[in-house]
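Every value quoted in this text rests on a predicted model; they were computed, and no experiment measured them.
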Number of protein chains: 2
Amino acid sequence: MTSESTPTGASRSAISLSPMEVPKASDVLANELRERILSGDYVEGTPLPPERELVVQTRMSRTTVREALRILEVQGLVRIKAGRAGGAFVTTPGGESVADSIALLIRGRQIRLSSLHQTREALEPFCARLAATNRTAHDLQVLDEANEAIATKGTLEEFLQANVDWHVGVAAAGHNEILYGMMIGLSKAIYTLTNNEGFVDDEVRSIALKAHRSVTDAIRKQDGDAAVRRMERHVHGYAEAAARADDRTSISLDQDA
Amino acid sequence: MTSESTPTGASRSAISLSPMEVPKASDVLANELRERILSGDYVEGTPLPPERELVVQTRMSRTTVREALRILEVQGLVRIKAGRAGGAFVTTPGGESVADSIALLIRGRQIRLSSLHQTREALEPFCARLAATNRTAHDLQVLDEANEAIATKGTLEEFLQANVDWHVGVAAAGHNEILYGMMIGLSKAIYTLTNNEGFVDDEVRSIALKAHRSVTDAIRKQDGDAAVRRMERHVHGYAEAAARADDRTSISLDQDA
DNA sequence: ATGGTAACTTAGGTCAGACCGTTAGACCAT
DNA sequence: ATGGTCTAACGGTCTGACCTAAGTTACCAT
């Protein structure tokens with residue numbers, strides 16, 4: 001039966017299916033919970049039922065329930081506490097998860113430092129313009145404090161931290177959460193990558209401080225165009241200095257070899 | 001023994017400890033594996049040992065091992081296949097994880113569409129400039145194909161997909177993986193959010209098509225400045241149109257209420 | 001009354017062992 | 001060649017137990 005001829009020869013039947021996905025139980029639970037959380041029905045801090053309660057409700061095993069919760073935890077949707085009155089609490093995802101994934105992307109793909117600086121050149125001037133428009137008094141205070149920390153000659157780590165604080169502060173002053181998350185990720189990556197390079201000397205520090213102050217000034221005066229211009233110069237200059245230092249490193253490495 | 005006087009009264013001993021963190025076993029394993037993967041020792045596709053083998057090696061339970069693997073899977077560092085010859089395979093994290101976290105950020109924080117478009121205004125002109133510099137023949141082909149797909153009057157979904165393809169194509173032509181990853185995230189988010197809004201009519205389509213062609217042209221001619229200028233106009237115009245549509249929606253919603 | 005502490009309770013964290021479902025590969029029958 | 005069958009090697013799920021962290025409560029000594 002059904003022994004028809006196959007005209008084209010390629011396939012005997014006209015029907016064809018694409019690869020199908022069979023979701024895992026833990027994914028199903030995770031998706032369900034994620035949708036409920038993202039729908040906004042639960043306020044930040046709302047506790048999910050205890051694991052054993054979820055087991056009863058879903059009729060899944062505790063293993064499965066726990067994997068689902070773990071997924072949500074990694075995605076930054078819940079925070080899990082142990083002990084009595086512990087459990088999974090709803091969290092509003094912040095910039096950290098974006099930052100983490102960007103950091104993974106950068107490390108995992110062995111991305112060149114130049115790409116990082118290039119990306120900063122795209123984001124930071126724009127952030128500066130937003131900051132000039134939207135900055136609050138508190139934002140300005142954060143920027144000033146970061147600059148003061150830079151002025152205080154400290155260790156390399158302290159300088160780098162203060163540097164990051166200022167740049168992230170500019171992004172925060174722009175009050176755009178997406179850009180803010182992106183800048184956190186970039187900064188974190190640049191911080192770790194620059195920690196090894198040794199091109200940060202006193203000159204670099206004082207140049208950075210001067211640049212930061214001039215940008216901060218423009219932001220304070222709500223002069224968007226000036227903020228963009230100065231930030232562009234600063235970031236571009238920093239990128240070129242880093243590139244030159246990188247060249248030197250490569251060269252001396254070559255000489256070593 | 002050691003019953004000294006305690007002058008300050010605050011503490012009997014000089015040793016003092018800060019709050020300590022007791023990491024979970026699964027996190028320890030996950031961190032260890034993540035470091036090994038990110039160090040680049042394993043090529044894409046390298047299989048990790050089977051779960052039961054990891055149990056033997058680490059002397060942890062299978063539950064713990066599985067949770068660690070699940071963490072890495074969510075972070076996009078491994079891909080887990082079931083069945084014989086299955087297991088966890090090393091994956092180079094791509095833009096998808098960035099895209100996912102951005103999408104979560106946007107949905108979770110109820111971020112306004114305007115923030116999204118604002119972010120595009122920061123990224124896309126810069127991507128266009130990079131594209132003008134770095135585009136290959138293949139990149140241009142992708143852009144042309146996306147434009148053709150837009151020219152073909154299709155369903156709303158087809159239009160949106162082609163639209164996304166073109167914008168992502170520009171980012172790809174810039175050959176900066178970070179910006180590329182960010183654009184994928186933004187595009188995915190914008191895609192889903194625009195799917196509901198009903199402001200895409202024939203006029204919007206033809207305007208977008210024209211703008212895309214002019215930007216593509218500048219990229220083809222490697223005219224960076226023109227690419228930036230035209231992309232700025234396009235994105236800004238689109239953002240304003242979307243904002244107007246959003247206003248209309250809000251107003252009609254108010255009238256409904 | 002006050003302060004400490006022991007016991008209890010509720011929650012997540014870990015473990016051991018079993019069984020199920022899926023898949024690749026080998027082998028055989030048609 | 002096509003399709004069936006068996007087997008081994010995987011991850012996926014389940015059960016049930018115990019450990020550990022952290023609030024609550026009751027009790028006891030001062």
Side-chain angles (χ1 to χ4, degrees), chain A residues 1-6 8-13 15-33 45-74 77-91, chain B residues 9 12 17-33 45-74 77-91:
Chain A
M1 33 303 222
T2 71
S3 54
E4 311 299 311
S5 64
T6 57
T8 62
S11 70
R12 294 183 310 184
S13 172
I15 80 170
S16 94
L17 297 173
S18 26
M20 302 177 66
E21 297 167 16
V22 180
K24 286 176 290 190
S26 47
D27 283 333
V28 172
L29 216 200
N31 291 337
E32 169 75 20
L33 291 174
T46 305
L48 265 52
E51 293 179 357
R52 290 168 174 88
E53 174 63 24
L54 286 175
V55 167
V56 175
Q57 291 183 13
T58 64
R59 295 183 193 171
M60 291 167 168
S61 74
R62 211 177 141 207
T63 318
T64 304
V65 168
R66 280 179 58 78
E67 284 204 0
L69 291 177
R70 184 51 53 92
I71 291 173
L72 298 180
E73 189 188 26
V74 175
L77 291 170
V78 301
R79 182 175 32 93
I80 297 180
K81 282 197 309 187
R84 182 169 178 166
F89 297 86
V90 173
T91 323
Chain B
R12 294 182 313 183
L17 297 173
S18 25
M20 301 178 65
E21 297 167 16
V22 181
K24 285 177 292 189
S26 47
D27 283 333
V28 172
L29 215 199
N31 290 338
E32 168 75 20
L33 291 174
T46 305
L48 265 55
E51 293 179 357
R52 290 166 174 88
E53 174 63 25
L54 286 175
V55 167
V56 175
Q57 291 184 13
T58 63
R59 296 184 192 174
M60 292 167 167
S61 74
R62 215 178 138 205
T63 316
T64 305
V65 169
R66 280 179 59 77
E67 284 203 359
L69 291 178
R70 181 53 53 95
I71 291 173
L72 297 181
E73 189 190 25
V74 175
L77 291 170
V78 300
R79 181 175 32 95
I80 297 180
K81 280 198 308 185
R84 182 172 178 166
F89 298 85
V90 172
T91 327

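For L69(A) and dG12(C), the CG to P distance is 8 Å, given to the nearest whole Å. Look at CZ on R52(B): it is 7 Å from C1' on dC10(D), rounded to the nearest Å. We find that CD of E73(A) is positioned 12 Å from C1' of dG13(C), with the value rounded to whole Å. The CG atom of L54(A) sits 15 Å away from the C1' atom of dT10(C) (whole-angstrom rounding). L48(B) has its CG atom 10 Å from the P atom of dG11(D), to the nearest Å. Atom pair R62(A):CZ and dG16(D):C1' shows a separation of 11 Å (rounding to whole Å applied).
Listed for the T91(A) side chain is a donor-acceptor partner under 3.5 Å among the backbone atoms of R79(A).
Judged by distance alone, with hydrogens and angles left aside, R84(B) brings no side-chain donor or acceptor close enough to the base of dG21(C) to form a pair under 3.5 Å. On a pure distance criterion of 3.5 Å, no polar donor-acceptor pair joins the side chain of R70(B) and the base of dG12(D).
Nearest-nucleotide positions on DNA chain D for G87(B) and A82(A) put G87(B) closer to the 5' end.
Salt-bridge formation is detected for the pair K24(A)/E73(B): a Lys NZ or Arg NE/NH1/NH2 atom is positioned less than 4.0 Å from an Asp or Glu carboxylate oxygen.
Using a 4.0 Å heavy-atom criterion, one finds that T64(A) contacts the sugar-phosphate atoms exclusively.
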